[in-house]
Asker: 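Please find one structure pasted underneath; my questions will follow.
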Amino acid sequence: MYRTVEDRIRKALRHHIHERYKTDVPIVTERPPKLSMGEVASPVCFELAKRLKKPPRALAQEIANSLHPIPGVARVEVAGGGYLNVFLDRSAFFRSTCEEASKKAAAPANESESGAKVVVEHTSINPNKAAHIGHLRNAVLGDAFVRLLRYSGRRVEVQNYIDNTGVQVADVVLGFLRLEPKSLAEVAALAGKPKFDYLCWDLYARVTQWLAEDKSRLELRSQTLKEIEEGHGAAAQMAAIVSDAIVQCHLRTLDRLEIDYDLLSRESEILHLKFWDAAFAMLKERGAIQLATSGKNAGCWVMQLSSDARPPEDAQATEETGAEEPQELAEAKIIVRSNGTVTYVGKDIAYHLWKYGLLGRDFFYRPIHTHPDGHEAWTTASEPAPAGGQAAPKFGHAHEVYNVIDSRQAYPQQVVAAGLRALGYSEQADRLKHFSYNVVALTPRCAVELGYEIPAEDAKKTYIEVSGRKGQGVKADDLIDQLEARAREEVEARHPELAGTAEGRQMTDAISKGALRYFLLRFTRSTAIAFDFKDALSFEGETGPYAQYAVVRVNGILRKGAESHPEFERVDAANLQRIDSGEIDAAKFLAAPEGDDLWDLVLLAGSLDARVDVAVAAQEPAFLARYSFELAQAFNIFYHKHHILSEEDAEKRAFLLRLTSLVREQLVAALALLGIIAPEKM
RNA sequence: GCGCCCGUAGCUCAGUUGGAUAGAGCGUCUGCCUUCUAAGCAGAGGGUCGGGGGUUCGAGUCCCUCCGGGCGCGCCA
């Protein structure tokens, strides 16, 4: 509701200033620091004063005096050196917010089936080992952003890119072939067992070390990789078994956090269906890439990047080689190697042409996984599905693309955009957004706890990055297990009778999930998370369970009210109706100054729409996490100040009840956007 | 070398297009459970917003510079 009123005020000011002063200034509005200064303020007169060469305070006074009434606004005052402070009609705001919230709650799934499609790619874990906390940050961020987009009415398709033919898979295959060694059948048997991803995690670390011990073994890896890419032979079969099994492990892990996908796009199909050949032809035809004939890149197809997208060459290298070769091609990005194989970036350009429906080719599709909520995830396939199967949805053809990828990959992402631009698709390139985020590292203490040896100079850093290649890091399932154990402990301490029951399990589940998702979402994207078990396992203070608990308290009030006050339902239900219809005017409970604390809560509850807008615009789910916490905190303060069920005045009690359920509706909605569900009790 | 990100309370972080008195959580200390669940609330203490210049009516926020930290720049992905 806040957003609606704010818009109205901005529009009124813009119109008024345009009419009266024949000039257009950007209208900024903000929340004043104190409630006594109103709910919306604008410093626009400072800017206007500059243009008109008049004192800002006088201008503000003129505008305040002559501004036409705005629906939902009680009055406009002048403050400070020339601020316009707007005071809202509290009662009207309350009623509109209740109405909006009830409408949203009645029809929460407002996912758009039409309109421009947004493709969000997230998770994209290499299918060669178990998922770790860094992957969880990616998935949880992406998932929350998807929920935000859908909530604001966008049509969204979630893709998860599976690099099932890359070196990382090749490494594990090499491990099974050389280190173990195991036959195809043996690997297939292992792949069907639980924790196969853990087994590969360790094997991958061993292979990394084995390769480091003798560099000549790298040749073996290249050979294995080539076989996998070509898609035939024992290595390719084993790669398929390994990667398919690990994808299943990842899906199971992410199902524990209720993260869904529409499509798993696999690199094997990009290769087998010759997506690259099509893209290669386009790139050559439109002159986006050139064949370097001399210099260090001789024999490679390279793409010249515009200067802003290209980090400069290493100074030393330029000095050594720059003299005898054409400068331009030396500074270009290699797309096709001199041996004719395509780089990762090249494949990514092909994939993105497909995402935008520009490639002129399509995948075949198969259903691959049914999520616990019943949603079907599909994967790409090289051949048409057998007749009689379910028809696949139409994938791709995006209007806009968000790639949730860590910030270290900013450069390759720019190259992909540059590729689109070089092909003449500059609008698509502009609508390709790198949704970047910083790493999840470990605090030195946490690394020591996990038994890693850390260099002395690292011990005093706030965080240290550990190497996945060496098998270091916190596995996602381990962390979720620990959280569940912690949550169970708490639940059973508080509700011993629920131990082992379905209700107890549900509670444990909601709390552990809520704690983890909130923990990963409370940091803004650019913040490197220094992971520590103590913080992640906390259920107090700024955490998911804190916000969930506020919802649980509301549940408790409404439940208790119905149980212990026989007349409650009859009297209060009737009064609630009188509140909603306006027959009981909320104004008397919200009037300043006695009603300020209640109004504070109403205002915050009514600000969900504005916060969602800002979060989407900034691509920052953390803003919503913050909002959930603020609302829960405001409710807790209210809860301690006002005892609702023992309120003598029946009309006031009805008002407090209505406010309480309004807070629940808004808090539940905000938490849902983070993928957090509050249990009935906890 | 060049580019990107970061530096705010003891610790971990917010601070959304520049706006009025810089905020949370954790930790520390002091209180509050015979009234709707204490996963909570109230209070105390804690800051030269890395340093220095500049732009502006106004700077934690923008520009310059210096210091400190992280990341990226491969015929890897």
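Every chain is numbered from 1, with letters handed out A, B, ... down the list of sequences. Keep in mind it's a predicted model, so treat the numbers as computed, not measured.
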Asker: Nearest to the side chain of A:Gln633 - B:G19, B:U35, B:G25?
Answerer: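 For A:Gln633, the side-chain atoms sit closest to B:G25.
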Asker: Rounded to the nearest angstrom, tell me the gap between atom OH in A:Tyr2 and atom C1' in B:U16.
Answerer: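 Atom OH in A:Tyr2 sits about 13 Å away from atom C1' in B:U16.
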Asker: For a 4.5 angstrom cut-off between non-hydrogen side-chain atoms, does A:Val345 reach A:Ile334?
Answerer: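 Counting from C-beta outward, A:Val345 and A:Ile334 never come under 4.5 Å.
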Asker: On a whole-Å scale, what distance lies between the P atoms belonging to B:G54 and B:C11?
Answerer: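 Their P atoms lie roughly 31 Å apart.
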Asker: Paired with B:A38 by Watson-Crick or G-U wobble geometry, both distances under 3.5 Å: which nucleotide is it?
Answerer: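 Across any shown strand, B:A38 pairs with none.
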Asker: What contact category does A:Lys347 fall into here, base, sugar-phosphate, or nothing, at under 4.0 angstrom with non-hydrogen atoms?
Answerer: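 No contact.
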Asker: Would you indicate, yes or no, if B:A38 has its OP1 or OP2 atom less than 4.0 angstrom from a side-chain nitrogen or oxygen of A:Arg553?
Answerer: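 Checking A:Arg553 against B:A38: at least one side-chain N or O falls below 4.0 Å of OP1 or OP2.
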Asker: If we take the C1' atom in both B:U17 and B:C4, what is their distance in whole Å?
Answerer: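 Comparing C1' positions in B:U17 and B:C4 gives a spacing of 22 Å.
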Asker: Does a side-chain N or O of A:Lys461 approach OP1 or OP2 of B:G70 to a distance below 4.0 Å, or not?
Answerer: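 Affirmative; the distance criterion is met.
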Asker: Please state the P separation for the pair B:A20 and B:A59 - nearest whole angstrom.
Answerer: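 It works out to 11 Å between them.
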Asker: For A:Leu291 and A:Trp301: C-alpha separation, side-chain torsions, deciding distance, then whether side chain to side chain contact (heavy atoms under 4.5 Å, CB included) applies.
Answerer: CA-CA 4 Å; A:Leu291 181 62; A:Trp301 286 88; 3.7 Å; yes
Asker: By the 4.0 Å heavy-atom rule, please label A:Val336 as base, sugar-phosphate, or nothing.
Answerer: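 Nothing: the residue A:Val336, judged by heavy atoms under 4.0 Å, touches no strand.
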Asker: For A:Thr29, report the nucleic acid contact type (base, sugar-phosphate, nothing); a contact means any heavy atom under 4.0 Å.
Answerer: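 Base contact.
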Asker: What's A:Ile637 touching, base or sugar-phosphate or nothing? Going by heavy atoms closer than 4.0 Å.
Answerer: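 Sugar-phosphate contact only - A:Ile637 comes under 4.0 Å of backbone atoms but never of a base.
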Asker: Less than 5.5 Å between centroids and less than 30° between ring planes, does A:Tyr83 satisfy that with B:A20?
Answerer: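 It does: the two rings, one from A:Tyr83 and one from B:A20, meet the stacking criterion.
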Asker: Reckon A:Glu465 touches a base, only the sugar-phosphate, or nothing at all at heavy-atom distances under 4.0 Å?
Answerer: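 If one applies the 4.0 Å heavy-atom cut-off, A:Glu465 turns out to touch the sugar-phosphate alone, with no base involved.
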Asker: Which of the following nucleotides, B:U35, B:A39, B:G40, is nearest to the side chain of A:Ser646?
Answerer: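 Closest nucleotide to the A:Ser646 side chain: B:U35.
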Asker: Within the structure shown, what part of the strands sits under 4.0 Å from A:Ala610 by heavy-atom distance: base, sugar-phosphate, or nothing?
Answerer: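 No contact.
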Asker: Salt bridge (Lys or Arg N to Asp or Glu O under 4.0 Å), that's the test. Do A:Asp406 and A:Arg408 meet it? Break it down for me.
Answerer: CA-CA 6 Å; A:Asp406 77 75; A:Arg408 290 174 302 193; 3.1 Å; yes
Asker: Atom OH of A:Tyr411 to atom C1' of B:C73: distance rounded to whole Å?
Answerer: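 To the nearest whole Å, that distance equals 7 Å.
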Asker: Which nucleotide, if any, forms a Watson-Crick or G-U wobble pair with B:C75, using both distances under 3.5 Å?
Answerer: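 Base-paired to nothing in any strand shown.
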Asker: For B:A38 and A:Tyr639 - does any side-chain N or O of the residue sit under 4.0 Å from the phosphate oxygens OP1/OP2?
Answerer: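 So the side chain of A:Tyr639 is within the cut-off, an N or O lying under 4.0 Å from OP1 or OP2 of B:A38.
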Asker: So do A:Val86 and A:Ser42 actually touch side chain to side chain, heavy atoms under 4.5 Å?
Answerer: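 No - every pair of side-chain heavy atoms lies 4.5 Å or more apart.
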Asker: Quick check for you: among B:A39, B:C5, B:A77, whose closest atom lies nearest to any side-chain atom of A:Glu490?
Answerer: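 The nucleotide sitting nearest to the side chain is B:A39.
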Asker: Who does B:A24 pair with, Watson-Crick or G-U, both distances under 3.5 Å?
Answerer: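 Pair assignment: B:A24 / B:U12.
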Asker: Distance check needed: B:G15 P versus A:Arg611 CZ, whole Å only.
Answerer: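 The answer, rounded to whole Å, is 11 Å.
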Asker: Any carboxylate oxygen within less than 4.0 angstrom of a Lys/Arg side-chain nitrogen, looking at A:Lys513 and A:Asp509?
Answerer: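 A salt bridge links A:Lys513 with A:Asp509.
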Asker: Determine: side-chain N/O of A:Thr443 to OP1/OP2 of B:U12, distance under 4.0 Å, yes or no.
Answerer: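 Result: no.
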Asker: Could you measure between the two C1' atoms, the one in B:U8 and the one in B:A44, and give it in whole Å?
Answerer: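 The answer is 22 Å between these two C1' atoms.
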Asker: Nearest to the side chain of A:Phe523, which nucleotide is it out of B:U12, B:C6, B:C36?
Answerer: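 The answer is B:U12, which lies nearest to the side chain.
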Asker: Quick check for you: to the nearest 0.5 Å, what is the distance between A:Ser607 atom OG and A:Glu39 atom CD?
Answerer: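 Rounded to the nearest 0.5 Å, the OG-CD separation comes out at 10.0 Å.
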Asker: Could you check which nucleotide pairs with B:G7 in any of the strands shown, counting Watson-Crick or G-U wobble with both distances under 3.5 Å?
Answerer: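 B:G7 is paired with B:C67.
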Asker: Within the structure shown, what part of the strands sits under 4.0 Å from A:Ala550 by heavy-atom distance: base, sugar-phosphate, or nothing?
Answerer: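 No contact at all - A:Ala550 keeps every heavy atom at 4.0 Å or more from the nucleic acid.
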Asker: Taking donor-acceptor contacts at under 3.5 Å, does the side chain of A:Ser338 reach the base of B:C75?
Answerer: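 Between B:C75 and A:Ser338, which were checked side chain against base, a qualifying N/O pair under 3.5 Å is present.
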Asker: Taking CZ from A:Phe533 and P from B:C26, how many angstroms apart are they, rounded to a whole number?
Answerer: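 That distance rounds to 21 Å.
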Asker: Need one value for A:His642: base, sugar-phosphate or nothing, where a base atom within 4.0 Å counts as base even if backbone is also close, heavy atoms only.
Answerer: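 Base, at least one base heavy atom under 4.0 Å.
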Asker: OH of A:Tyr518 versus P of B:C13: gap in Å, rounded?
Answerer: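 Taking atom P of B:C13 as the reference, OH of A:Tyr518 is at 14 Å.
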Asker: A:Tyr639 ring centre to A:Arg553 NZ or CZ under 6.0 Å, with the angle to the axis within 45°?
Answerer: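 Yes, A:Arg553 sits over the ring of A:Tyr639.
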Asker: When we call it a touch if two heavy atoms are under 4.0 Å apart, what does A:Thr341 touch: a base, just sugar-phosphate, or nothing?
Answerer: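 A:Thr341: no heavy atom of the nucleic acid under 4.0 Å.
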Asker: Among the nucleotides B:A24, B:C36, B:A77, which one has an atom lying closest to any side-chain atom of A:Phe629?
Answerer: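 Shortest atom-to-atom distance from the side chain points to B:A24.
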Asker: Tell me: CZ of A:Arg525 to P of B:C13, nearest whole Å?
Answerer: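 The distance from CZ of A:Arg525 to P of B:C13 comes to 17 Å, rounded to the nearest Å.
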Asker: By nearest heavy atom, map A:Glu540 and A:Tyr344 onto RNA chain B; which one lands nearer the 5' end?
Answerer: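 Between the two, 5'-proximity favours A:Glu540.
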Asker: When you get a sec, tell me which of B:C36, B:G15, B:G19 is the closest nucleotide to the side chain of A:Glu30?
Answerer: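 Closest nucleotide to the A:Glu30 side chain: B:G19.
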Asker: What nucleic acid atoms does A:Asn85 come within less than 4.0 Å of, heavy atoms only: base, sugar-phosphate, or nothing?
Answerer: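 Answer is base: heavy atoms of A:Asn85 come under 4.0 Å of a base.
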Asker: Write down the distance between CZ (A:Arg337) and C1' (B:C76), rounded to a whole number of angstrom.
Answerer: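 In whole Å, B:C76 C1' and A:Arg337 CZ are 8 Å from each other.
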Asker: Using a cut-off of 4.0 Å on non-hydrogen atoms, how would the nucleic acid contact of A:Phe623 be classed: base, sugar-phosphate, or nothing?
Answerer: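 Base: the residue A:Phe623, judged by heavy atoms under 4.0 Å, touches a nucleobase.
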Asker: When you match A:Ala615 and A:Pro412 each to their closest nucleotide on RNA chain B, which lands nearer the 5' end?
Answerer: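 Per heavy-atom nearest nucleotide, the more 5' residue is A:Ala615.
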Asker: With a non-hydrogen cut-off below 4.0 angstrom, is A:Ala410 in contact with a base, only sugar-phosphate, or nothing?
Answerer: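 Nothing: the residue A:Ala410, judged by heavy atoms under 4.0 Å, touches no strand.
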Asker: Do you know the tightest heavy-atom contact between A:Ala332 and A:Asn297?
Answerer: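 Shortest heavy-atom separation between A:Ala332 and A:Asn297 comes out as O-ND2, 4.2 Å.
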Asker: Taking the side chain of A:Asn636 as its heavy atoms from C-beta onward, which of B:G40, B:C76, B:A20 lies nearest to it?
Answerer: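 In terms of side-chain proximity for A:Asn636, the closest of B:G40, B:C76, B:A20 is B:G40.
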Asker: Nearest 0.5 Å please: distance from the CG atom of A:Asp171 over to the SG atom of A:Cys200.
Answerer: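 These two atoms lie 11.5 Å from each other.
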Asker: Between the base of B:A77 and the side chain of A:Asn128, is there a donor-acceptor distance below 3.5 Å?
Answerer: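 Result: no qualifying N/O pair found.
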Asker: Applying a 3.5 Å limit to both distances, which nucleotide forms a Watson-Crick or G-U wobble pair with B:C62?
Answerer: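 Across all strands, the one nucleotide that pairs with B:C62 is B:G54.
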Asker: Rounded to the nearest 0.5 Å, what's the gap from CD on A:Glu503 to CD on A:Glu497? Could you check?
Answerer: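 One finds 8.0 Å between CD of A:Glu503 and CD of A:Glu497.
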Asker: When you get a sec, tell me which of B:G15, B:A39, B:G40 is the closest nucleotide to the side chain of A:Met682?
Answerer: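 Per side-chain heavy atoms of A:Met682, the pick is B:A39.
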Asker: What I want to check is whether an N or O donor and acceptor connect the side chain of A:Arg494 with the base of B:A39 at under 3.5 Å.
Answerer: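 It does, because a donor-acceptor pair links the side chain of A:Arg494 to the base of B:A39 below 3.5 Å.
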Asker: Side chain of A:Met37: nearest nucleotide among B:A20, B:U17, B:A14?
Answerer: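 Comparing B:A20, B:U17, B:A14 against the side chain of A:Met37, the answer is B:A20.
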Asker: Output the single nucleotide from B:A20, B:A39, B:C5 whose closest atom is nearest the side chain of A:Phe539.
Answerer: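 Output: B:A39.
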Asker: So what does A:Gly166 touch, heavy atoms closer than 4.0 Å: a base, only the sugar-phosphate, or nothing?
Answerer: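 Here A:Gly166 touches no strand at all.
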Asker: Taking only side-chain nitrogens and oxygens of A:Thr524, does any of them come within less than 4.0 Å of OP1 or OP2 of B:A14?
Answerer: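 So the side-chain polar atoms of A:Thr524 do come within 4.0 Å of the phosphate oxygens OP1 or OP2 of B:A14, strictly under.
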Asker: Can you check B:C4 for me, syn or anti if syn means within 90° of 0?
Answerer: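 Anti conformation for B:C4.
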